[in-house]
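In what follows, a structure is listed as structure tokens, so that the remarks can point back to it.
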Amino acid sequence: MALPVRARGAANPAAHEIYAVVRAIPRGKVATYGQVAELAGLPSGHRAVARAMRTCPARLPWQRVVGRKDARRAQISIQEHEHAALQRSLLEREGVSFDDAGFIVLARSGWLPQ
DNA sequence: CAGGTGACTCTTT
DNA sequence: GAAAGAGCCACCT
């Protein structure tokens, strides 16, 4: 089973670290692209993280990776409306709350890695 | 090989 | 406080 997805973006070794970090995000919490990149050892690899997510990862809680709006909030960065709606739906189901403007309050749902 | 693009983010106007 | 510019990395044409 589980033929590893040979996503084009997963060809780089860093992708392995990125996936490990994403899998470490606890249920009900979210992390930003920059945060994942930093934890994966790529302090400026936010683009690489976005690429890794976009390449349709396997068994990855991709919905927990969101775009950073500002220091306090994050927002879904997916452009495709349907996928964005799915992500929000999945996050709400996990217990992540959105404010009236559709933002995720990091102080409340942001992941605070040890 | 070079130019363009994007599920990003920070700094400056 | 919003908008624009610059930096960044990997992939595609």
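Residue numbers begin at 1 in each chain, while the letters A, B, ... track the order of the sequences.
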*Would you kindly give the NZ-to-C1' distance between A:Lys69 and C:dA3, to the nearest whole Å?*
11 Å
*What is the distance from CG of A:Asp70 to P of B:dT12, rounded to the nearest Å?*
18 Å
*Spell out yes or no: do the side chain of A:Arg51 and the base of B:dG6 have one donor N/O and one acceptor N/O closer than 3.5 Å?*
yes
*asked:* Given 3.5 Å as the limit, does a donor-acceptor pair link the side chain of A:Glu94 with the main chain of A:Arg64, or not?
replied: no
_Check: A:Met53 and A:Val22 side chains under 4.5 Å, non-hydrogen atoms_ = yes
*A:Glu80 CD - B:dG6 C1' separation (whole Å)*: 12 Å
*Mind calculating the distance between CZ (A:Arg54) and C1' (B:dT5) to the nearest angstrom?*
10 Å
*Mind checking whether A:Leu39 and A:Pro113 have side chains closer than 4.5 Å, heavy atoms only?*
yes
*Could you check how far CZ of A:Arg47 sits from P of B:dG4, rounded to whole Å?*
15 Å
*What is the distance from NE2 of A:His46 to C1' of C:dC11, rounded to the nearest Å?*
16 Å
*asked:* What is the distance, to the nearest angstrom, from the CG atom on A:Leu42 to the P atom on B:dT9?
replied: 14 Å
*asked:* To check you understand the geometry: which heavy-atom pair defines the closest contact between A:Ser77 and A:Val66, and what is its length?
replied: OG-C, 4.4 Å
*Tell me: CG of A:Leu39 to P of B:dT9, nearest whole Å?*
13 Å
